[in-house]
Structure formats: structure tokens, C-alpha cells
Amino acid sequence: MDHFQYHDHVLYCEAVPVRLLAETYGTPLWVYSKKTLLHHVHVLQRAFASADPLICYSLKTNGNLSIARLMREAGTGFDVTSGGELYRALLAGGTGDRIVFAGVGKTDEEMRYGIEAGVLMFNVESEGELDALAAVAETLGKKVAIALRVNPDVDPHTHVKTTTGKRGTKFGLDWDRIRSIGQKLVGHPWISLQGLHMHLGSPIYTTEPYRQALDRAVPLIAQLRQMGHTIRYLNTGGGFGINYRKQEALPAEAFAEVILPAVRMTGCQLILEPGRFIVGNAGILVSRVLYTKDSGGRHFVIQDAAMTDLIRPTLYEAFHRIWPVEPSPDVPAPPEDYEAPIPNTQLCDVVGAVCESGDYLARDRYLPRLKRGDLLATFSAGAYGIAMSSNYNGRLRAAEVLVDGHHHRLIRRRDTYEDLVRQEIEI
Ligand SMILES: *Cc1c(COP(=O)(O)O)cnc(C)c1O
């Protein structure tokens, strides 16, 4: 469910026509719906209510301060993966007691920052990291809480670049090592083992990977407790899939049905780290057609967004629905199925201006005939959109707008040329 809907061949975000936003703020433009953001937080809160979970919004998904603040006001904590994200979480009003710190490559400086900010726990991913964290904790004279991030060796059946809970990826500790690490931590002066963490991959469209991982986690928690550890937290990470193509995503209740019984069995406090599920369908990327051209037997729609705005299609072969913001009346608006042939359309590659053949938002896509000046909406782009954007090719990172009913507000201004060179030092 989202609040980007066509009425009489005009795309609205909540009560605002998207064309108006493009005209007011320029393109390319990120448009977010506040109602949709909050709806998804509430859906998760409701589905997992019986466990009263700590929902730590995954800040790497979309870290905009206004969105982060909205999340905090809706009751979430934060999942951060770096010192930079911790800084952002604190700026947005987050408090350490609701922040979990993940990442395979935390530096000593980041650990110090995390300890000083009083983060709820570090999710530890290697034995080397444990030693480093213990050393930092000792210099600060503070005992730190941790969860062990276990690599449960399950296949989430998602893209190879977003598979994180399978043996052979860099993430987490091999599950057959957890017991011996647990033994080493018994009575540790600086580290208090309090939880088990996993994050299997993303996006996930079946409950099976969670079921398999929890089948391993539950007995592991019992064994760690037998060693004398007070295991209070079970963190199942993020990964819940969303609708990119049509209605392919599972409802939150389906994941809850698998996760909640395992949590109950352990008596742990549940931590969730959703990112995409909250913000993915709450944002679109609006762009303007510059040119169309036929070349080499293909029809290209060249528009003013690029892989520097949304890299997911070329990085993950990800599918994003694309449709005109104001399609002409002879075209269905929008189609049920974007992948089947659509009447009155032509097969297009939607590309940007960057000097890379991988610079596309979509390939082999049916779109109505487009002309210079037409506006396009790329849907389900709120997650890993601007967060992964860059200034490559001297491109300006786009503006972001938050819509709330009839109101709209700039929440990030577009880069300027001066921004591009601001940090450089000429010699
Ligand atoms: C990226 C990430 C998440 C968020 O994943 P989503 O699929 O966006 O929900 C959660 N936890 C960790 C450790 C991550 O790396």
C-alpha cells in the first residue's frame, strides 16, 4: 500500500500532483510520502505487537534527517553501520539506548564513538573485532554489550550482491564457531554477550530463510545461556521484500508468524532492522525526458535521472516500475503488469546521461510514446536510492521532497556546482 496513485491520468503523491512538485523543485527529484512511511512502520508494529519489538530503522536505506526524525517520532530506534550513520542517528534525535551498531569493518574510532554514545549493543562480526572492541572498552573503562552476528548459512534467494547470511559471504561469524566464542567470553571483564544477531539478505520474498536461520538460532541461545551468558536479545535483522513489480511481497504477518514463535521460545527481546520495507515504496524518482532516439535496433528514452541517482538497476539488475507522470488517455494508467506487452506502447531502454553503458533505469520496457519534456516516475525508489547516489560525471545529487497531505517541503536541496568542489584543496 502506498500513496502514489493515478487519478484521471494524473499521478498524485497523497493530495499533491507530482507535476506540481517537478515544476516547483525541478528534476530529477525524489518524492516521499509521509503517510506511506508511517503506514509501513505501523504495519510492522502491529504485525509484531505481541513481542513488543524494538524496531531499529536501518539508516543506510535512506538516511535523510527529516525521514530519520519521522521514524524516531513514530517510535523506532536505529540500526547504524558506521560512525557517520551514528552521527546522523544522534542528529535526528536518536538515543544510544535505541541504537544498534552493525558492520564488518568497524574502526577503533567508530567503536569509541559508539561506546561514548551509549549504543545498546554492537553486532560483532569477527573474532578480531571482539579483541579490538575489548581493547577500546578497556581504555574507556566501560563494559560494552554485544550481540554476535551469526552467519546461519541459509540462502535467501535474492541477488548475489545482497546475499549476506550464506557461508562464504564476508558477513557474520560461522555458526559452528559461535559456541567456542561464547566460551571465550564467559566472565570477560569488558564484554557482555547479550544477544544473537542475523541479517540474511535483502529483499526476501519467502519466510523459509528466517525459519531455517531461527531453527539454528534458538538452540544456540540455549547453549550460550548454559555457559552463563544472559542472552536478552534476538535480532533478526532486516530483509523483508516489497512490491517492485506487482504484488509479489509477503505481508509482514507472514514473517511475524515465523519469527514470533522462535522469539517466544527464547524469551528474548526481539529487535528488527527493517529498511526497505519502510521506505522503499514510500519514495519515487521523478525525471524529465530529454531526448528519444533509435539506434542499433533499440529505442532509447534519455531522461535526466541516471545511475548516479538510482544505481539499483545496473548494480543488482533490479526492476523498478516506470510510467509517465501524466500519461495520455489512450494508454492504460498504469498497467497491472509492467512486464507483459502493453497496447499503444513501444519497447524502450530508459537511460541517463552518464558515460557508461550500464547507465539505465530500465531495459526492454514497454512505455507510451514519449517526447522531450514528458515527466517519468520511477516507483519503489525510496530505499537504496539517494543513499547510493553519487556525483560521478560531475552530476548534481538531486533534491528530496516530503509530501504530507496537501503540503510539501524540501528536505534536501539539490547540489550546486560549488558543492562538487567544496572539499577539494587546490595546490
Ligand atoms: C542493510 C541491512 C538491513 C536493512 O535491510 P532491508 O532489506 O533494507 O530491510 C538491516 N540490517 C543489516 C545488518 C543490514 O546490513
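Atoms within a ligand are numbered from 1 in the order they appear, just like the ligands themselves.
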*asked:* Can a donor-acceptor pair be found, under 3.5 Å and without considering hydrogens, that links the side chain of Thr36 to the backbone of His3?
replied: yes
*asked:* Looking only at distances, can you tell me whether any N or O atom of Ser58, backbone or side chain, sits closer than 3.5 Å to an N or O atom of ligand 1?
replied: no
*asked:* Please classify the Tyr384 to ligand 1 contact at 4.0 Å (heavy-atom distances, strictly less than): side chain, backbone, both or neither.
replied: side chain
_Quick check on Pro274 - does any of its heavy atoms sit under 4.0 Å from an atom of ligand 1?_
yes
*Sub-4.0 Å atoms of ligand 1 with respect to non-hydrogen atoms of Thr61*: 8 (O)
*Hey, which atoms in ligand 1 end up nearer than 4.0 Å to a heavy atom of Arg149?*
13 (C)
*asked:* Ring-plane angle category for Phe101 and Phe122, please: parallel below 30°, perpendicular beyond 60°, tilted otherwise.
replied: parallel
*Provide the closest heavy-atom pair for Pro156 versus Leu200 in the form atom of the first, atom of the second, distance.*
CG-O, 3.3 Å
_Can you name the atoms of ligand 1, numbered from 1 with element, that are less than 4.0 Å from a heavy atom of Ser202?_
6 (P), 7 (O)
_Under 4.0 Å, counting heavy atoms only: does Gly239 come that close to any atom of ligand 1?_
yes
*Output yes when the distance from some N or O of ligand 1 to some N or O of His197 is under 3.5 Å, and no in every other case.*
no
*asked:* For Pro313, give me all partners under side chain to side chain contact (heavy atoms under 4.5 Å, CB included), at least two apart in sequence or on another chain.
replied: Leu310, His320, Tyr360
*Just heavy atoms, cut-off under 4.0 Å: does Glu273 contact ligand 1 by side chain, backbone, both, or neither?*
both
_Parallel, tilted or perpendicular, as decided by the 30° and 60° cut-offs, for the rings of Phe48 and Phe240_ = parallel
_On a heavy-atom basis, I'd like to know which of Met198, Arg276, Lys60, Glu125 is closest to atom 15 (O) of ligand 1._
Lys60
*Considering the heavy atoms of Gly275, write down every atom of ligand 1 situated less than 4.0 Å from one of them.*
6 (P), 8 (O), 9 (O)
*Please assess Thr378 against Arg321 for the test side-chain contact (heavy atoms from CB on, under 4.5 Å), listing each intermediate value before the final yes or no.*
CA-CA 6 Å; Thr378 300; Arg321 299 181 316 282; over 6 Å; no
*What do you reckon, does Phe171 put a non-hydrogen atom under 4.0 Å from ligand 1?*
no
_Using modelled atom types and a 3.5 Å cut-off, is there a donor and acceptor pairing between side-chain atoms of His39 and backbone atoms of Lys35?_
no
*Please report the closest heavy-atom contact between Ala399 and Leu29, naming both atoms and the distance.*
O-CD1, 3.6 Å
*Of Asn281, Leu70, Asp404, which is the lone residue that meets side chain to side chain contact (heavy atoms under 4.5 Å, CB included) with Leu37?*
Leu70
*Please confirm whether Asp79 comes within less than 3.5 Å of ligand 1 when only nitrogen or oxygen atoms on both sides are compared.*
yes
